[in-house]
Engineer: 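Submitted below is the structure of interest, expressed as structure tokens.
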Amino acid sequence: VELYDVMRTTFAARAFADEPVPDAALLRILEHARFAPSGGNRQPWRVVVVRERSTREALIPLIAPTMQRYVAQEQAGEQPWNTINPTRLSAAEIAAAPVPNALIRTVTEAPVLLLVFADLAYVASFDSELDRIGVISGASIYPFVWNILLAARNEGLGGTLTTFAAAGESAVQALVGVPAHFAFSALLPIGRPLRQLTKLTRKPVADFVRLERWDGPALGS
Ligand SMILES: Cc1cc2nc3c(=O)[nH]c(=O)nc-3n(C[C@H](O)[C@H](O)[C@H](O)COP(=O)(O)O)c2cc1C
């Protein structure tokens, strides 16, 4: 497939054929994904491949509270898990929301799960002293993560970048034996998608690009 077509059509696949994904396919994917950029070329990524049923089952209760709060906040008209606009909901209001276990299971029951961790002992976090949530550390791991999904596409496979296990990070680390300074970065369900979406919903360029200044003219206007 042509690169621009790939960029426009690589969607978040969560429904997969009941076919195994062999290690040989994962090896080809990761063999190409490893050429991703990272700060100082430190390549802080580590990947744990999960197929064990007991590990998948153990992930569900680690994700559930995060998604319960997500649902509660959405229902209340809030931006879920946002740091600029923190939740006004009480613990009781959050506990009353439904837990979307079916959505969580679509992810944890994929043919294979890749757990991606970033070694924080290597990452240069240039925004670590700013008075806001850090985003720069993630920039050393998510190009690699996205490369995995692009390479999976090239193998006729697909997946989704999910982060909803992050709030349960210490339990995820304990579950698969990861040391504490390896930050949980993504859980990628991978498999053969049941269908291929070709029309993704995204904002037009004019909505988010301005020339020279924040209040400058839109690019392309
Ligand atoms: C940083 C990030 C975090 C995400 N976290 C989750 C998640 O926790 N669970 C999930 O099901 N999807 C997750 N997604 C997938 C998004 O929902 C998906 O990329 C987006 O809705 C676009 O979907 P589309 O490409 O099919 O249009 C995440 C995506 C990104 C980039």
Side-chain angles (χ1 to χ4, degrees), residues 1 3-16 33 36-38 44-45 47-48 50 56 58-74 78-84 87 94 97-118 123 125 127 132-154 157-169 171-172 175 183-205 207-208:
V1 203
L3 179 60
Y4 280 161
D5 287 336
V6 172
M7 290 169 69
R8 295 179 79 99
T9 61
T10 301
F11 69 107
R14 298 187 185 84
F16 304 103
S38 58
W45 40 78
V47 180
V48 179
V50 170
R56 296 163 179 277
L59 282 168
I60 295 169
L62 302 185
I63 295 168
T66 295
M67 287 309 289
Q68 186 176 41
R69 176 171 145 189
Y70 193 102
V71 170
Q73 288 195 258
E74 275 208 318
E78 295 185 346
Q79 287 292 326
W81 286 90
N82 190 266
T83 57
I84 304 292
T87 186
I94 291 169
V99 181
N101 274 318
L103 169 77
I104 299 171
R105 275 190 184 277
T106 60
V107 168
T108 58
E109 291 188 358
V112 67
L113 306 181
L114 302 185
L115 292 171
V116 183
F117 298 88
V123 168
S125 305
D127 59 353
R132 62 153 171 77
I133 196 87
V135 297
I136 298 300
S137 317
S140 277
I141 195 79
Y142 292 113
F144 169 73
V145 170
W146 186 241
N147 261 4
I148 292 175
L149 292 171
L150 291 179
R153 179 82 190 278
N154 200 49
L157 301 170
T160 295
L161 195 174
T162 83
T163 51
F164 53 13
E169 176 178 83
V172 176
L175 185 63
F184 167 83
S185 304
L187 186 172
L188 307 176
I190 304 281
R192 187 170 304 280
L194 287 179
R195 60 197 157 269
Q196 171 64 46
L197 293 191
T198 52
K199 200 159 176 9
L200 306 190
T201 307
R202 300 290 189 267
K203 292 174 188 165
V205 171
D207 277 18
F208 59 87

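Residue numbers run from 1 in the order of the sequence given. Order of listing sets the numbers, starting from 1, for every ligand and every atom in it.
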Engineer: Among residues at least two apart in sequence or on other chains, which ones pass salt bridge (charged side-chain N to carboxylate O under 4.0 Å, His left out) with Arg105?
Structural biologist: Glu57, Glu109
Engineer: What atoms in ligand 1 come closer than 4.0 Å to a heavy atom of Thr160?
Structural biologist: 12 (N), 15 (C)
Engineer: Is at least one protein non-hydrogen atom found at under 4.0 angstrom from atom 4 (C) of ligand 1?
Structural biologist: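 So far as the 4.0 Å threshold goes, atom 4 (C) of ligand 1 is in reach of a protein heavy atom.
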Engineer: Do Tyr70 and Pro100 come close enough that some side-chain heavy atom pair is under 4.5 Å?
Structural biologist: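 The answer is no; the side chains never approach within 4.5 Å.
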Engineer: For Arg195, give me all partners under salt bridge (charged side-chain N to carboxylate O under 4.0 Å, His left out), at least two apart in sequence or on another chain.
Structural biologist: none
Engineer: Below 3.5 Å, N or O to N or O, backbone or side chain included: is there any such pair between Phe164 and ligand 1?
Structural biologist: yes
Engineer: Would you mind running through ligand 1 and noting each atom that sits below 4.0 Å from a heavy atom of Arg14?
Structural biologist: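 Ligand 1 atoms under the 4.0 Å threshold to Arg14: 10 (C), 11 (O), 12 (N), 15 (C), 16 (C), 17 (O).
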Engineer: Taking the side chain from Arg132 and the backbone from Ile84, do they hold a donor-acceptor pair closer than 3.5 Å?
Structural biologist: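 No.
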Engineer: Quick one: does atom 21 (O) of ligand 1 have a protein heavy atom under 4.0 Å from it?
Structural biologist: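 So far as the 4.0 Å threshold goes, atom 21 (O) of ligand 1 is out of reach of every protein heavy atom.
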Engineer: Indicate yes or no: does an N/O atom of Thr201 lie under 3.5 Å from an N/O atom of ligand 1?
Structural biologist: no
Engineer: Should Thr163 be counted as touching ligand 1, given the test is an N or O pair under 3.5 Å?
Structural biologist: yes
Engineer: Show me which atoms of ligand 1 lie under 4.0 Å from any heavy atom of Phe11.
Structural biologist: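 So the answer, numbered in order with elements, is 25 (O), 26 (O).
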Engineer: Say whether, by atom type as modelled, one donor and one acceptor occur between the side chain of Thr163 and the main chain of Leu161 under 3.5 angstrom.
Structural biologist: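 Answer holds: no.
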Engineer: Check for a donor-acceptor pair, side chain of Gln196 on one end and backbone N or O of Thr9 on the other, with a separation under 3.5 Å.
Structural biologist: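 Side chain of Gln196 to backbone of Thr9: a pair is present.
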Engineer: Purely on distance, is any nitrogen or oxygen of Leu161 under 3.5 Å from one on ligand 1?
Structural biologist: yes
Engineer: Looking only at atom types and distance, does a side-chain atom of Thr162 sit under 3.5 Å from a main-chain N or O of Leu187, one as donor and one as acceptor?
Structural biologist: yes
Engineer: Quick one, Leu113 with Val48, criterion side-chain contact (heavy atoms from CB on, under 4.5 Å). Give me CA distance, side-chain angles, the key distance, then yes/no.
Structural biologist: CA-CA 8 Å; Leu113 306 181; Val48 179; over 6 Å; no
Engineer: Is there a polar contact, in the sense of an N or O pair closer than 3.5 Å, between Ala12 and ligand 1?
Structural biologist: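 Between Ala12 and ligand 1 (N or O atoms, distance only) the closest approach is under 3.5 Å.
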Engineer: Non-hydrogen atoms of Met67 versus ligand 1: any pair closer than 4.0 Å?
Structural biologist: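 Heavy atoms of Met67 never come under 4.0 Å of ligand 1.
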Engineer: List the closest protein heavy-atom neighbour of atom 27 (O) of ligand 1: residue, atom name, distance to the nearest 0.1 Å.
Structural biologist: Arg202 NH1, 2.9 Å
